[in-house]
Visitor: 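I am attaching a structure below and will ask some questions about it afterwards.
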Amino acid sequence: GLFEMDKALLNSRSRTEWEALIHEWIHNEKDRWLITRRLLDGVPYDALTGEYQLKFEIPLEYDQIRRRCKTAEKQLKTHCK
């Protein structure tokens, strides 16, 4: 599906709550931006690769973006219990 994170889990909190969790637990600025765009805005990985390069002026491969999003997602899940 579009989200690796369970839709029910995603919908169990407001965007504001997710943003607070992301801000609190994702300690890298670029990863915070990535996971917010991916999880809360629903931007697909391929679009994120282009956005990332424009925003940070550093190219990042699709696989790297995907891996960083998944890692951030796992971190968030551990704090969602």
Visitor: Please tell me whether Leu34 and Leu54 are part of a single hydrophobic cluster in this structure, the criterion being side-chain heavy atoms less than 4.5 Å apart.
Guide: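 The answer is no; the residues belong to distinct hydrophobic clusters.
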Visitor: Measuring from Asp63:CG to Arg68:CZ, what's the distance to the nearest 0.5 Å?
Guide: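 Between atom CG of Asp63 and atom CZ of Arg68 there are 13.5 Å.
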Visitor: The test is side chain to side chain contact (heavy atoms under 4.5 Å, CB included); show your working for Trp18 and Leu10 and say whether it passes.
Guide: CA-CA 8 Å; Trp18 280 115; Leu10 197 57; 4.0 Å; yes
Visitor: Restricting to pairs with a member in residues 42-60, which pass salt bridge (Lys or Arg N to Asp or Glu O under 4.0 Å), not counting sequence neighbours?
Guide: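 Residue pairs with at least one partner in residues 42-60: Arg37-Glu51.
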Visitor: Do Arg66 side-chain atoms and Tyr45 backbone N/O form a donor-acceptor pair below 3.5 Å?
Guide: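 Absent.
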Visitor: Please report the closest heavy-atom contact between Cys80 and Arg13, naming both atoms and the distance.
Guide: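 Of all heavy-atom pairs spanning Cys80 and Arg13, the closest is O-NH2, 3.3 Å.
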Visitor: For Trp33, give me all partners under ring pair (Phe, Tyr, Trp, His ring centres under 6.0 Å), at least two apart in sequence or on another chain.
Guide: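 Only Phe56 meet the ring pair (Phe, Tyr, Trp, His ring centres under 6.0 Å) criterion with Trp33.
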Visitor: With sequence neighbours excluded, tell me which residues meet side-chain hydrogen bond (donor to acceptor under 3.5 Å, both in side chains) with Thr16.
Guide: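 With neighbours one apart ignored, the set is empty.
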Visitor: Would you please name every residue forming a side-chain hydrogen bond (donor to acceptor under 3.5 Å, both in side chains) with Gln53, sequence neighbours left out?
Guide: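 Expected list: none.
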Visitor: Which pairs would a plain distance check flag for residues 20-28, meaning a side-chain donor or acceptor within less than 3.5 Å of a matching protein atom at least two apart in sequence or in another chain?
Guide:
residue: His27; atom: NE2; partner: Glu24; partner atom: O; Å: 3.2
residue: Asn28; atom: OD1; partner: Lys30; partner atom: N; Å: 2.9
residue: Asn28; atom: OD1; partner: Asp31; partner atom: N; Å: 2.9

Visitor: Taking side-chain hydrogen bond (donor to acceptor under 3.5 Å, both in side chains) as the definition, give me every residue that meets it alongside Glu17, ordered by chain and number, with sequence neighbours left out.
Guide: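 Glu17 satisfies side-chain hydrogen bond (donor to acceptor under 3.5 Å, both in side chains) with Ser14 only.
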Visitor: Given side chains that start at C-beta, do those of Gln64 and Tyr52 come closer than 4.5 Å, heavy atoms only?
Guide: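 No. Closest side-chain heavy atoms not under 4.5 Å.
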Visitor: In Å and rounded to the nearest 0.5 Å, what is the CD to CG distance from Glu19 to Leu39?
Guide: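 So the gap between those two atoms works out to 11.0 Å.
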Visitor: If I compare all heavy atoms of Arg38 with all of Leu48, which pair ends up nearest, and what's the gap?
Guide: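 Looks like CB-CD1, 3.9 Å.
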Visitor: Hey, what do you get for OG1 (Thr49) to CG (Leu60), rounding to the nearest 0.5 Å?
Guide: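 Answer rounded to 0.5 Å: 8.5 Å.
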